[in-house]
Chemist: 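Dumping the structure here so I can ask a few things about it.
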Number of protein chains: 2
Amino acid sequence: MKSAKRPVRMADIARAAGVSVMMVSRAYRDGGSVSEEKRAHILRIAEEMGYVFDATAANLRLNRTGFVAVTVPSINNANFADTVRALGDALAREGLQILLANTEYDPDAEARLLDQLLRRKPEALVVTGGDHGEQARKLLQRAGVPVVEIWDLPAAPIGHAVGFSNSDAMVDLVGHFARAGYRRLAFIGGETPFDSRGRDRRAGFIRGVAQHGLGPPRLVDAGEVPVSMSAGAGALAQLLAQYPDTDAVLCVSDLVAFGAMTEAQRRGLRIPQDLAFGGFGNFEIGRVSLPQITTVEVSAAQIGARAARLVLDLLADPARAPARIDMQPYVIARGSS
Amino acid sequence: MKSAKRPVRMADIARAAGVSVMMVSRAYRDGGSVSEEKRAHILRIAEEMGYVFDATAANLRLNRTGFVAVTVPSINNANFADTVRALGDALAREGLQILLANTEYDPDAEARLLDQLLRRKPEALVVTGGDHGEQARKLLQRAGVPVVEIWDLPAAPIGHAVGFSNSDAMVDLVGHFARAGYRRLAFIGGETPFDSRGRDRRAGFIRGVAQHGLGPPRLVDAGEVPVSMSAGAGALAQLLAQYPDTDAVLCVSDLVAFGAMTEAQRRGLRIPQDLAFGGFGNFEIGRVSLPQITTVEVSAAQIGARAARLVLDLLADPARAPARIDMQPYVIARGSS
DNA sequence: GTGAAAGCGCTAACAT
DNA sequence: ATGTTAGCGCTTTCAC
């Protein structure tokens, strides 16, 4: 029975191994300046004594924490989860650890969380979206470390950006439907003020419809973000009541599209003959549903991977890194249209 | 144009405010031992100078990091994401920050990640699953801080547990189908060795089928975890070839059930008349799909919330906390059966 | 290859 | 209410 009263520190290992504290420190870092024999000896003793390296102390001394702070509006979204996973994997390979925070689409929460995160002295910040409250913006600007905005592509990013124009992508999707012969398009999306991606997609819809001369835009509110499948189902009911002759419904995400689609099927409508559907984000649901959903591929995982590489580049050489990386989404045509 | 050459520290604020460093420290912590006037003055100057409190230094001195390490097999799973979110929210309210790591259902990765996490000196560990590799188990046992296993309910947890018996829950689901008159049940699930939840659910299926005298269990492998919707679709094809007279398919999760269900529909089968389906986990997809999916509610968010409360209790008083908390899942009957 | 001293930025403990 | 001293556990010097 070992007592965990006082945790073991390097000095304890040093004493037990008959070396100086510095040698223990070296054994844990360089391979070079310690004889391989002694190094193995030290590490074995440390293992026996249950030593756990104290990163907190090392961080203070090194003035490097190995943290990268990341904010997402919602972790409960397969796309953001993909991004975070790819980002985390790539950063972990370089010994960096993500500090994740959920803003819940709330600008005040974002500012509060950024304030907390900055106290941990992250070496870089990766924030979802290019739209921030005044306070959050200020914190990001004076952070003193690289800032990467993802999932949007602001004209003038605070630091750097890895994303795409949600608006342009939706214009492309409208174009796809227009070319396929659909004329009476409607859009289902959320109305939350701080969801810039949802807002941009709606703006893209309006722009696309105008470009193709499809008359005044038919817009249906799906309620609060994060917009769910169920919200999509509810919104379809409203849409059919308001615009009964609609021939194609574009949705702010595949999840909403799926919900709307099932509601249409519940009402006996045939898809796409009676009503066509388009989604956004290429979620798994759209590849498995019946019919599969026409969507916009946004490469969520690649956004994370690319942001990770950008962060690593910025840490290596802040000067030689691109300011804006466009991930160029594209339409995937499927059975729903 | 301010130079961010050397970051501002407390000493800089102290000098500018004409007080000692301790007063600045106090201004940031107690409300009590600083006059409200001076406190406001200090904080204003700090704000003007762009000071950011250094948690790293405070943590070293206080021997408290405010971190809680959390491992999940996959963040890209709505259930685990719900758990992590609830856990994180509740902990954040007490000033604790989650350090999240993905094990990807790999015991070696789990051990490696735990080793990394422990160096950050978390104040508690929350790990998904009650099944660990030898190395991971050792690290957890000697961690020296509270350990909470979630989503399983081991007979003898390493420290504490918040979860449920995946096996018993599946027995209940089998019982539900048996009572509804189904006699030729099959199970679709993954075969990955270190997914103890999937394994327990399959074991529960086998046990349930035996209890109800439904003949030898019909098991179909859905491949690698995390088991996806698409894998469910593929597995259904195999199932129909191998056991064509099956009348009900129970799946390791709602996602798999949905995939299998769409494949059945693609083949023109009516649900539940020709083939019934059962899922697990009460994912949103099962509430929106057509038909909705009979499932087992496991209260993912509540697992996180309850684990958070347990961690907080353990930090306050390690003695007075329950060892095992059973979240008691229950069957939700829907249109797929 | 190895060790001694100094110090990273903060706060507990003890002054006053 | 406020200041001084010491030190958290590690690593960067700079010796040898």
Side-chain angles (χ1 to χ4, degrees), chain A residues 4-43 45-46 49-67 95 116 118-123 144, chain B residues 4-43 45-46 49-67 95 116 118-123 144:
Chain A
K5 205 66 199 167
R6 203 186 27 66
V8 181
R9 19 190 226 300
M10 276 194 183
D12 302 316
I13 311 301
R15 203 174 310 112
V19 295
S20 72
V21 181
M22 259 327 288
M23 291 312 290
V24 181
S25 174
R26 286 181 180 118
Y28 269 85
R29 328 202 96 247
D30 349 318
S33 49
V34 190
S35 71
E36 212 26 75
E37 185 191 6
K38 190 153 284 182
R39 180 188 156 84
H41 177 226
I42 291 171
L43 291 181
I45 294 207
M49 297 179 69
Y51 172 67
V52 180
F53 183 92
D54 188 336
T56 307
N59 292 344
L60 175 58
R61 177 64 236 230
L62 291 169
N63 199 27
R64 287 194 62 238
T65 58
F67 285 130
Q116 294 299 320
L118 285 168
R119 294 175 170 220
R120 300 283 188 184
K121 303 296 174 184
E123 299 183 30
Chain B
K5 204 66 199 167
R6 212 198 5 77
V8 181
R9 16 189 232 300
M10 277 195 183
D12 301 316
I13 310 302
R15 202 174 309 112
V19 295
S20 72
V21 182
M22 258 327 285
M23 291 311 290
V24 181
S25 175
R26 287 182 179 117
Y28 269 86
R29 330 201 91 247
D30 348 320
S33 49
V34 190
S35 72
E36 211 28 75
E37 185 191 6
K38 188 152 285 180
R39 179 190 157 85
H41 176 227
I42 291 171
L43 293 181
I45 293 206
M49 297 179 70
Y51 172 67
V52 179
F53 183 90
D54 188 336
T56 306
N59 292 343
L60 176 59
R61 175 64 235 227
L62 291 169
N63 199 28
R64 286 195 62 240
T65 58
F67 285 130
Q116 295 299 319
L118 285 168
R119 292 174 172 223
R120 300 283 187 183
K121 303 296 173 183
E123 300 183 30

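Lettering follows sequence order; numbering is per chain, from 1. For the numbers below, each heavy atom of this structure counts, side chains included, while hydrogens, waters and symmetry mates do not.
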Chemist: Tell me: CE of A/Met10 to C1' of D/dT11, nearest whole Å?
Modeler: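 Whole-Å distance recorded here is 8 Å.
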
Chemist: Could you state the CZ-C1' distance from B/Arg26 to C/dA13, rounded to the nearest angstrom?
Modeler: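 Value for this atom pair: 10 Å.
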
Chemist: List for me each residue that meets side-chain contact (heavy atoms from CB on, under 4.5 Å) alongside A/Ala58, sequence neighbours excluded, and say none if there are none.
Modeler: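 If we apply the side-chain contact (heavy atoms from CB on, under 4.5 Å) test to A/Ala58, skipping adjacent residues, the hits are A/Phe53, A/Leu62.
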
Chemist: Which residues pass the salt bridge (Lys or Arg N to Asp or Glu O under 4.0 Å) test with A/Arg119, not counting sequence neighbours?
Modeler: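 Only A/Asp115 meet the salt bridge (Lys or Arg N to Asp or Glu O under 4.0 Å) criterion with A/Arg119.
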
Chemist: By ring-ring contact (aromatic ring centres under 6.0 Å, His included), which residues pair with A/Tyr51, not counting sequence neighbours?
Modeler: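 Residues passing ring-ring contact (aromatic ring centres under 6.0 Å, His included) with A/Tyr51: A/Tyr28.
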
Chemist: Atom CZ of B/Arg119 and atom P of D/dG9: how far apart are they, to the nearest Å?
Modeler: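 Result: 17 Å.
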
Chemist: For the CG atom of A/Leu43 and the NZ atom of A/Lys38, what is their distance to the nearest 0.5 Å?
Modeler: 13.5 Å

Chemist: Does anything in residues 49-59 of chain B reach DNA chain D, meaning a heavy atom under 4.0 Å, and if so which residues?
Modeler: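 Heavy-atom cutoff 4.0 Å gives no residues at all.
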
Chemist: Looking at the side chain of B/Ser35, which of C/dC10, D/dA1, D/dT11 is the nearest nucleotide?
Modeler: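 For B/Ser35, the side-chain atoms sit closest to D/dA1.
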
Chemist: Which nucleotide wins on minimum distance to the side chain of B/Val34, given the candidates C/dC10, D/dT2, D/dG9?
Modeler: D/dT2

Chemist: Rounded to whole Å, how long is the line connecting atom NE2 of A/His41 with atom P of C/dG1?
Modeler: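 Checked: the NE2 to P distance equals 18 Å.
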
Chemist: In whole angstrom, what separates A/Arg29's CZ from C/dG1's C1'?
Modeler: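 That distance rounds to 18 Å.
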
Chemist: CZ of B/Arg120 versus C1' of D/dC10: gap in Å, rounded?
Modeler: 14 Å

Chemist: Tell me the interatomic distance from A/Asn63, atom CG, to C/dC8, atom P, rounded to whole angstroms.
Modeler: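 Atom-to-atom, A/Asn63 to C/dC8, this comes out as 11 Å.
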
Chemist: Using the closest heavy atom to pick a nucleotide of DNA chain D for each, name whichever of B/Arg61 or A/Ala11 lands nearer the 5' end.
Modeler: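 Result of the comparison: B/Arg61.
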
Chemist: By a strict heavy-atom criterion of less than 4.0 Å, which residues belonging to residues 12-22 of chain A are in contact with DNA chain D?
Modeler: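 Output list: A/Val21, A/Met22.
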
Chemist: Would you give the length of the straight line joining atom CG of B/Asn59 to atom CD of B/Glu123, rounded to the nearest 0.5 angstrom?
Modeler: 8.0 Å

Chemist: Using the test side-chain contact (heavy atoms from CB on, under 4.5 Å), find all partners of B/Leu60 that sit at least two apart in sequence or belong to another chain.
Modeler: A/Thr56, A/Ala57, A/Leu60

Chemist: B/Ile42 CD1 to D/dA1 C1': how many Å, rounded?
Modeler: 11 Å

Chemist: Taking only N and O in the side chain of B/Lys38, is any of them less than 4.0 Å away from OP1 or OP2 of D/dT2?
Modeler: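 Yes, because at least one side-chain N or O of B/Lys38 sits under 4.0 Å from OP1 or OP2 of D/dT2.
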
Chemist: Which is true for B/Leu62 with a 4.0 Å heavy-atom rule: it touches a base, it touches only sugar-phosphate, or it touches nothing?
Modeler: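 Since only primed, P, OP1 and OP2 atoms lie under 4.0 Å of B/Leu62, the category is sugar-phosphate.
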
Chemist: OP1 or OP2 of D/dC10 sitting under 4.0 Å from any side-chain N/O of A/Ser25?
Modeler: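 No, A/Ser25 has no side-chain N/O under 4.0 Å of OP1/OP2 on D/dC10.
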
Chemist: Applying side-chain contact (heavy atoms from CB on, under 4.5 Å), name anything that partners A/Ala16, two or more places apart in sequence or on another chain.
Modeler: A/Ile45, A/Met49

Chemist: Can you see which heavy atom on B/Val21 is nearest to which on B/Met10, and at what distance?
Modeler: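 Looks like CG1-CB, 3.8 Å.
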
Chemist: Treating A/Lys121 as the side-chain partner and B/Val52 as the backbone partner, does any N or O pair qualify as donor plus acceptor under 3.5 Å?
Modeler: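 Confirmed, A/Lys121 side chain pairs with B/Val52 backbone.
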
Chemist: Could you give all pairs that pass the salt bridge (Lys or Arg N to Asp or Glu O under 4.0 Å) test and reach residues 14-25 of chain A, with sequence neighbours left out?
Modeler: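 For residues 14-25 of chain A, and leaving out neighbouring residues, the salt bridge (Lys or Arg N to Asp or Glu O under 4.0 Å) pairs sorted by first residue read A/Asp12-A/Arg15.
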
Chemist: For the helix from C/dG1-D/dC16 to C/dT16-D/dA1, what angle lies between the axis at the first five pairs and the axis at the last five pairs, to 10 degrees?
Modeler: 30°

Chemist: Step by step, work out the side-chain contact (heavy atoms from CB on, under 4.5 Å) result for B/Ile42 and B/Arg26.
Modeler: CA-CA 10 Å; B/Ile42 291 171; B/Arg26 287 182 179 117; over 6 Å; no

